[in-house]
**Q** 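One structure, pasted below without further comment.
Just so you know, these numbers come straight off a predicted model, no measurement behind them. This chain uses plain numbering: 1 for the first residue, then up along the sequence. First listed ligand is number 1; within each ligand, the first listed atom is number 1.
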Amino acid sequence: MPQQIVKRRSRGFICVNAHPEGCRRNVERWAEAVREHAQPAARPPRNVLVIGASTGYGLASRIVAAFGYQARTLGVFFERAPEGEKTATAGFYNTVAFHALAGPANLFAASLNGDAFSAECKRAAAEIIRKQMEPLDLVIYSLASPKRTNPDTGVTHSSALKPVGEAFTNKTVELDSEKVVSVTLAPASEAEIADTVAVMGGDDWRRWIEMLLEEKLLADGARTVAYSYIGPELTWPIYRDGTIGLAKKDLESTAHSLDALLRARCGGQAQISVNKAVVTQASAAIPVVPLYLSLLPPALARRDFGEGPLEQIERLFAEFIAPETPKPLDDAGRIRLDDRELRTEVQEEIMSLWPQITTENLRALTDFAGFQREFRRLFGFEVEGVDYDEPVETDLRW
Ligand code: NAD
């Protein structure tokens, strides 16, 4: 087996490789934390499908379901396997690490690396659930993708992260040069709006649930939860009121129709969970958001509200999914995990710093260093305890 020293390689801000040992430690750290916090639950999920299970919120969901509630999990994701000298993507190594922990713990785990938007991938998932699992009681939908090929038309839609209606000017940090600059984003065209909704809206989620119902693979009372974001007014022109926000509104209206369908067919439920902003591969790609993500964690940590994807999802399961009596939903029927992010005092602090930030004081006024570190950690770099001068096996499989 070839071993090699893996140093971080970047194209611009993005890491183009991943460190298997760093990824393993990340997953292990999350699994250990979940095990430590595990509590008996009235309605623990037993058979869980996580769509988008290899990184970010989906990985956190899979780890919480498995190590917090002993659920059997099927994870679906789209990652690159290692090839020769080329490392795999982080999500691939995360999955290797997940399986390495699940096996000895006697936790059934199956993983499907493919395009979740395709009919073929849905069929393969159905086959695994039918043959190796029991009907699902929970389906988590946590995809973040820049494009989607519609299985009916064969047309590939690419999402555009743009404002809608009018141009939006604000400051952002250029991630490569670390310059704080003013950026003006032109409004999206009708086609770009439609494409973004086609990629990140509810159509694919609906297809998954309809397929599972059709195949009789949902248990009585089965639930499905998809993740959304609202965020503060500061980011609304590019997020909530922008193309991605329209896609999320489509996802939210899909939740209503899926909820009615599930209630009628299996006494189930479909819900939206509005999560907080966290550093993931997906969120770093949105203009303005990285600067916001350099201010939010210190403002939360100062008030003892610090949470990453794992803590958010632990809260989701403990307070909304597994208890006999879940916590109340918001007026629109959504689960809210972004309550701490949106607290007035947290947002006031961010808003008071925002106009002052310049290239020169970026690192003094914000935790850009923390954002950068967190981002690199997603790829297994700058992880505590890993010796990056040591050769590691990169050709791993689960
Ligand atoms: P992420 O980039 O960490 O994860 C995306 C997942 O989707 C990965 O597992 C990836 O392999 C998978 N994926 C992408 N394309 C796929 C395809 N074609 N087929 C199969 N799998 C595919 O993203 P994330 O930030 O964890 O986002 C997950 C969800 O959470 C999204 O709906 C996002 O809008 C939502 N959310 C994110 C934030 C945030 O700040 N990151 C906040 C609130 C809600």
Side-chain angles (χ1 to χ4, degrees), residues 14 18 26 49-63 74-81 88-95 98 111-122 124-125 140-151 156-159 161 196 199-202 204-205 207-208 225-232 235 239-240 242-245 247-252 254-255 272-286 288-290 292-293 296-297 307-310 312-313 316 334-338 341-342 371 374-375 377-379:
I14 297 291
N26 285 339
L49 166 63
V50 181
I51 304 161
S54 55
T55 56
Y57 273 122
L59 175 63
S61 307
R62 185 174 203 185
I63 290 177
L74 167 59
V76 178
F77 46 80
F78 204 28
E79 301 291 347
R80 192 187 69 225
T89 48
F92 192 94
Y93 288 139
N94 290 341
T95 304
F98 179 86
S111 292
L112 201 52
N113 189 10
D115 179 7
F117 298 129
S118 69
E120 186 195 359
C121 182
K122 291 182 176 70
I140 298 284
Y141 191 80
S142 185
L143 285 188
S145 174
K147 57 182 199 305
R148 167 181 176 225
T149 302
N150 182 307
T156 300
H157 303 273
S158 292
S159 65
L161 297 168
T196 309
V199 180
M200 289 295 285
D204 182 62
W205 183 28
R207 285 171 190 255
W208 271 99
V225 181
Y227 298 147
S228 188
Y229 182 64
I230 293 176
T235 62
Y239 200 98
R240 191 64 185 168
T243 47
I244 179 73
K248 288 299 188 189
K249 281 172 194 151
D250 183 72
L251 188 76
E252 290 176 27
T254 302
I272 291 291
S273 174
V274 182
N275 300 352
K276 80 179 268 272
V278 293
V279 182
T280 66
Q281 296 184 45
S283 62
I286 307 172
V288 184
V289 169
Y292 175 69
L293 279 171
L296 178 66
E307 287 180 307
L310 188 74
Q312 282 268 294
I313 300 302
L316 171 68
R334 298 169 299 204
I335 294 168
R336 297 303 291 263
L337 301 173
D338 60 346
E341 171 179 0
L342 294 185
F371 170 78
E374 202 57 39
F375 188 75
R377 273 194 196 146
L378 299 176
F379 301 85

**Q** Does Val278 reach ligand 1 with a nitrogen or oxygen that is under 3.5 Å from one of the ligand's nitrogen or oxygen atoms?
**A**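 Looking only at distances, the answer is yes, because the N/O contact criterion of under 3.5 Å is met.
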**Q** Please list the nearest protein heavy atom to atom 13 (N) of ligand 1 with its residue and the distance rounded to 0.1 Å.
**A** Leu143 CD2, 3.7 Å
**Q** Using only atom types and a distance under 3.5 Å, with no angle test, would you say the side chain of Asn275 pairs donor to acceptor with the backbone of Leu337?
**A**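 No: the side chain of Asn275 does not pair with the backbone of Leu337.
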**Q** Report yes if some N/O of Phe78 lies less than 3.5 Å from some N/O of ligand 1; otherwise report no.
**A** yes
**Q** For ligand 1, is any non-hydrogen atom under 4.0 Å from Ala53's backbone (N, CA, C, O), its side chain (CB onward), both, or neither?
**A** backbone
**Q** Say you draw a straight line from OG1 of Thr89 to CD of Glu79; how long is it, rounded to the nearest 0.5 Å?
**A**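 Thr89 atom OG1 to Glu79 atom CD measures 3.5 Å (nearest 0.5 Å).
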**Q** Look only at the side chain of Glu341 and the backbone of Leu296, and say whether a donor-acceptor pair between them is shorter than 3.5 Å.
**A** no
**Q** For atom 27 (O) of ligand 1, which protein heavy atom lies nearest, and how many Å away is it?
**A** Ala144 CB, 3.7 Å
**Q** Determine, using heavy atoms of Lys248 and all atoms of ligand 1, whether some pair is separated by less than 4.0 Å.
**A** yes
**Q** Gly58 versus ligand 1: do any nitrogen or oxygen atoms come within less than 3.5 Å of each other?
**A**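 No; the residue has no nitrogen or oxygen that sits under 3.5 Å from a nitrogen or oxygen of the ligand.
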**Q** When you measure from the side chain of Lys248 to the backbone of Tyr227, do you find a donor-acceptor pair of N or O atoms at a distance under 3.5 Å?
**A** yes
**Q** Identify the protein heavy atom lying closest to atom 1 (P) of ligand 1, giving its residue, its atom name and the separation to 0.1 Å.
**A**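 I find the closest protein heavy atom is Thr55 OG1, 3.4 Å.
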**Q** Specify the closest pair of heavy atoms between Ala116 and Lys122, including all atoms of both residues, with the distance to one decimal.
**A** O-NZ, 3.0 Å
**Q** Out of Ala116, Ser142, Gly56, who gets a non-hydrogen atom closest to atom 6 (C) of ligand 1?
**A**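 The option holding the nearest heavy atom is Ser142.
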**Q** Is Pro309 close enough to touch ligand 1? Criterion: a residue heavy atom under 4.0 Å from a ligand atom.
**A**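 No; Pro309 lies far enough from ligand 1 that no heavy-atom distance drops under 4.0 Å.
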